[in-house]
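As structure tokens, the structure follows; a few thoughts come after it.
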Amino acid sequence: MENDDIDHVPTRWFNVESVPKSHVFSDEDRPGNQQIPLCNTIPIIDLSIINSSNLSEIITQASQEYGFFQVINHGVSEDVISEAVKVMEEIFNMPMEEIKKEVANYSSGCWVYMGSTSFAAKGAHLWRDNLKHPCHPLDECMQLWPRNPPRYRDVVAAYIKEIRRLSLVILELISEGLGLEAGYLGGISQVQFLTASNYPVCPDPTLTLGLLHHFDHSLITILYQGNVGGLQFFKDGKWIGVEAIPNAFLVNIGTQIEIISNGKLRSAAHRVVTNQESARATIATFINPSPDCVIQPAKLLINEANPPIYQPLSFRDFVNVSKPFGPFTDALQNGVCTLKK
């Protein structure tokens, strides 16, 4: 009876004793045996502090030095976060046949499931499964989200509402820190985009990656990384680990704010490594401009002594050139554009 049960367990790509050659990255890209220290100086910002000028100053400094900061006491309830993580784990644990049927029910661009073997990045497959979909405007988008698990739409919508509120608070503090008028960044943050990732236990983390080094194309990215670390950023010529703080959100300055600030704030290169002992589930929400929004240095931040160092470019063109979602970029971009019409 025991053997029959085992025979009926679906085989998943990560149920292996060694890393397949298809997932082994080059010596240049793989983590190798190097011990990466955790950075204990990334600012942890308490958003319950009433003095916004002090908060905006701390955020500005963190964004200049690291391109990252973490926020606590952010007002998003633990229950909302926990349920969002659970429903993501449920969808990643569905049999692949069910996931494929679910994806087939929708037109291209509504949501995308990117299994580990969906495409190769720099000659190797990433050690993760991933799903992506637009989230704004919420009422329209959620009708095109997965129908299974049955509670997915309600649970994720509750999470996204809270992230939208939090994003506006953070963008306002960044605007204040840059000396921009109230609502400057919040006013152009018209698109929210969710990407959830499942990083299974890996038999040899030295050989592969959950995510290659990259810059986020967003205004800001709000990441919930749970209690398992894996995120690393590149600073001063070396990789440094980011601590996973329970119920905290990590905020990443995206390239669009780097452009708007005329380089005053920086977007940091980062990657995700795997873990030999624990699986890792994350939810990242990209806070983006609308496709037709022209991104350029804010006029208040440029003058003769500080001329613009970036050329104006629509966000649509930026995405089309940078291809942040690989071969799925065009489909997802078209899905966002269709929702905006």
Side-chain angles (χ1 to χ4, degrees), residues 39 41-77 135-136 160-193 215-224 233 235 242 245 247-268 270 284-290 293-310 312-313 315 318:
C39 180
T41 57
I42 295 177
I44 301 171
I45 298 170
D46 186 345
L47 291 182
S48 66
I49 297 175
I50 298 176
N51 188 341
S52 66
S53 61
N54 185 46
L55 282 178
S56 62
E57 182 179 345
I58 295 172
I59 286 175
T60 299
Q61 291 174 350
S63 302
Q64 289 174 326
E65 184 171 357
Y66 297 100
F68 284 98
F69 54 90
Q70 304 216 49
V71 295
I72 58 174
N73 294 325
H74 39 65
V76 183
S77 78
C135 301
H136 187 77
I160 286 298
K161 286 178 182 177
E162 291 301 304
I163 296 300
R164 177 62 176 166
R165 177 196 58 77
L166 176 60
S167 73
L168 291 174
V169 170
I170 293 171
L171 288 170
E172 190 60 26
L173 289 168
I174 294 174
S175 292
E176 182 178 332
L178 289 172
L180 301 173
E181 61 263 32
Y184 185 98
L185 293 174
I188 63 175
S189 62
Q190 296 301 308
V191 175
Q192 292 181 95
F193 204 90
F215 296 88
D216 282 0
H217 67 282
S218 56
L219 289 163
I220 57 173
T221 304
I222 298 179
L223 173 70
Y224 180 74
F233 71 101
K235 177 175 169 57
V242 178
I245 300 174
N247 298 311
F249 287 103
L250 186 134
V251 181
N252 177 19
I253 297 297
T255 53
Q256 306 309 297
I257 280 188
E258 179 172 325
I259 293 169
I260 291 169
S261 71
N262 203 34
K264 183 175 182 180
L265 307 186
R266 62 185 291 266
S267 180
H270 52 286
T285 309
F286 297 92
I287 312 300
N288 297 337
S290 63
C293 182
V294 176
I295 303 299
Q296 58 189 322
K299 292 181 179 179
L300 285 174
L301 303 180
I302 57 176
N303 50 46
E304 290 185 4
N306 187 35
I309 58 176
Y310 302 96
L313 189 68
F315 186 63
F318 183 92

Cut-off 3.5 Å, no hydrogens considered: what does the side-chain donor-acceptor table look like for residues 293-307, sequence neighbours left out?
residue: Asn303; atom: OD1; partner: Ala305; partner atom: N; Å: 2.9
residue: Asn303; atom: OD1; partner: Asn306; partner atom: N; Å: 2.7
residue: Asn306; atom: ND2; partner: Leu301; partner atom: O; Å: 2.6

Measuring from [X]:[atom1] to [Y]:[atom2], what's the distance to the nearest 0.5 Å?
X      : Y      : atom1 : atom2 : result
Ile45  : Phe249 : CD1   : CZ    : 14.5 Å
Ile59  : Leu173 : CD1   : CG    : 4.5 Å
Cys135 : Ile160 : SG    : CD1   : 3.5 Å
Ile287 : Ile188 : CD1   : CD1   : 12.0 Å
Asn73  : Ser48  : CG    : OG    : 4.5 Å

Which atom pair, heavy atoms only, marks the closest approach of [X] to [Y]?
X      : Y      : value
Ile245 : Gln70  : CD1-NE2, 3.7 Å
Arg165 : His74  : NH2-O, 3.0 Å
Ala62  : Pro43  : CB-CG, 3.5 Å
Ser167 : Arg164 : OG-O, 2.7 Å

Heavy atoms, side chains only, cut-off 4.5 Å: are [X] and [Y] in contact?
X      : Y      : answer
Glu176 : Thr60  : no
Ile260 : Tyr184 : yes
Leu166 : Leu47  : yes
Ile220 : Asn252 : no
Gln256 : Phe318 : yes
His136 : Ser189 : no
Lys264 : Leu178 : yes
Asn288 : Leu219 : no

For the pair [X] (side chain) and [Y] (backbone), establish whether a donor and an acceptor sit closer than 3.5 Å, ignoring hydrogens and angles.
X      : Y      : value
Thr255 : Asp216 : yes
Arg266 : Glu258 : no
Ser261 : Leu265 : yes

Verify side chain to side chain contact (heavy atoms under 4.5 Å, CB included) between Ile170 and Ile222, making sure each step is shown before the conclusion. CA-CA 10 Å; Ile170 293 171; Ile222 298 179; 4.3 Å; yes
Check whether the side chains of Thr285 and Tyr224 place a donor and an acceptor atom closer than 3.5 Å, and report yes or no.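 The answer is no; no qualifying pair exists.
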Quick one: do the Ser218 and Thr221 side chains pair a donor with an acceptor below 3.5 Å?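 Yes, a side-chain donor-acceptor pair sits under 3.5 Å.
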When the ring centroid of His217 is compared with that of Phe315, is the distance short of 6.0 Å?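 Between His217 and Phe315, the centre distance is under 6.0 Å.
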So Asn247 and Ile72, side chain to side chain contact (heavy atoms under 4.5 Å, CB included) or not? Walk me through it. CA-CA 7 Å; Asn247 298 311; Ile72 58 174; over 6 Å; no
Set of residues satisfying salt bridge (charged side-chain N to carboxylate O under 4.0 Å, His left out) with respect to Glu172, sequence neighbours excluded: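 With neighbours one apart ignored, the set is empty.
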Ile174/Ile253 under side chain to side chain contact (heavy atoms under 4.5 Å, CB included): CA gap, chis, key distance, verdict: CA-CA 10 Å; Ile174 294 174; Ile253 297 297; 3.9 Å; yes
Which residues share a ring pair (Phe, Tyr, Trp, His ring centres under 6.0 Å) with Phe233, sequence neighbours left out: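 Phe68.
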Would you please test Glu65 and Thr41 for side chain to side chain contact (heavy atoms under 4.5 Å, CB included) and show each step? CA-CA 10 Å; Glu65 184 171 357; Thr41 57; 5.7 Å; no
